[in-house]
J.: 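Below are the structure tokens for one structure; questions will follow.
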Amino acid sequence: MSRLLLSTSVAVFLAAGPALAADEAPLPPQNAKKLSEILAKVEQRDGFRYVKEVDWDKDAYVVTYYTSDKAKVEITYDPVTAEPK
């Protein structure tokens, strides 16, 4: 009986894998600006030192960077206009 339960559990887990992957955040839209263009704008900001992280969150890029005075800055950018939200 436990073998049947184990086999069923494994089969359900393997079948659910693709369904769980579908819940991931969608990709940027087709008409989105290149990420390099957005990062170039970030690099032009006053006091910019370095980019720590770039994330895609639902419908925007979230850029985390540090300034020369060690302040942490997090800005959300619209992917189509490349402007801060």
Side-chain angles (χ1 to χ4, degrees):
M1 180 71 165
S2 64
R3 250 187 186 190
L4 177 62
L5 181 60
L6 178 63
S7 298
T8 305
S9 299
V10 169
V12 168
F13 178 74
L14 291 175
L20 293 174
D23 290 341
E24 291 182 17
L27 297 175
Q30 291 285 41
N31 60 341
K33 301 283 186 191
K34 292 181 179 181
L35 180 58
S36 59
E37 290 179 41
I38 294 171
L39 292 177
K41 285 186 171 195
V42 172
E43 291 173 344
Q44 298 302 314
R45 295 179 66 91
D46 288 338
F48 172 82
R49 184 156 181 232
Y50 67 93
V51 172
K52 180 177 193 272
E53 183 175 26
V54 178
D55 287 322
W56 175 254
D57 185 30
K58 296 181 185 173
D59 62 346
Y61 287 110
V62 179
V63 180
T64 304
Y65 72 94
Y66 283 86
T67 62
S68 54
D69 61 353
K70 300 179 183 173
K72 180 180 178 180
V73 181
E74 186 174 288
I75 302 177
T76 303
Y77 283 89
D78 182 283
V80 176
T81 64
E83 294 298 323
K85 285 188 167 188

J.: Can you tell me how far the OG1 atom of Thr81 sits from the CD1 atom of Ile38, to the nearest 0.5 Å?
T.: 8.0 Å

J.: Is the shortest side-chain heavy-atom distance between Pro29 and Val80 below 4.5 Å?
T.: yes

J.: Should Val62 and Ile75 be marked as a side chain to side chain contact (heavy atoms under 4.5 Å, CB included) after you check the CA-CA gap, both sets of side-chain angles, and the distance that decides it?
T.: CA-CA 6 Å; Val62 179; Ile75 302 177; over 6 Å; no

J.: Please examine the side chains of Val73 and Thr67, heavy atoms only from C-beta on, and report whether any two atoms are closer than 4.5 Å.
T.: yes

J.: Restricting to non-hydrogen atoms, name the atom on Ala82 and the atom on Lys33 that form the minimum distance, rounded to 0.1 Å.
T.: CB-CG, 3.7 Å

J.: Applying ring-ring contact (aromatic ring centres under 6.0 Å, His included), which residue pairs with at least one partner in residues 29-54 are found, sequence neighbours left out?
T.: Phe48-Tyr65, Tyr50-Tyr66

J.: For a quick test of reading the model, state the closest non-hydrogen atom pair linking Ala60 to Pro79 and the distance between them.
T.: CA-CD, 4.0 Å

J.: Enumerate the salt bridge (Lys or Arg N to Asp or Glu O under 4.0 Å) contacts for residues 65-85, please, sequence neighbours excluded, ordered by first and then second residue.
T.: Lys41-Glu83, Asp59-Lys85

J.: The criterion is ring pair (Phe, Tyr, Trp, His ring centres under 6.0 Å); which residues satisfy it with Tyr77, sequence neighbours excluded?
T.: none

J.: Going through the checks in order, is the side chain to side chain contact (heavy atoms under 4.5 Å, CB included) test met by Tyr61 and Leu35?
T.: CA-CA 8 Å; Tyr61 287 110; Leu35 180 58; 3.9 Å; yes

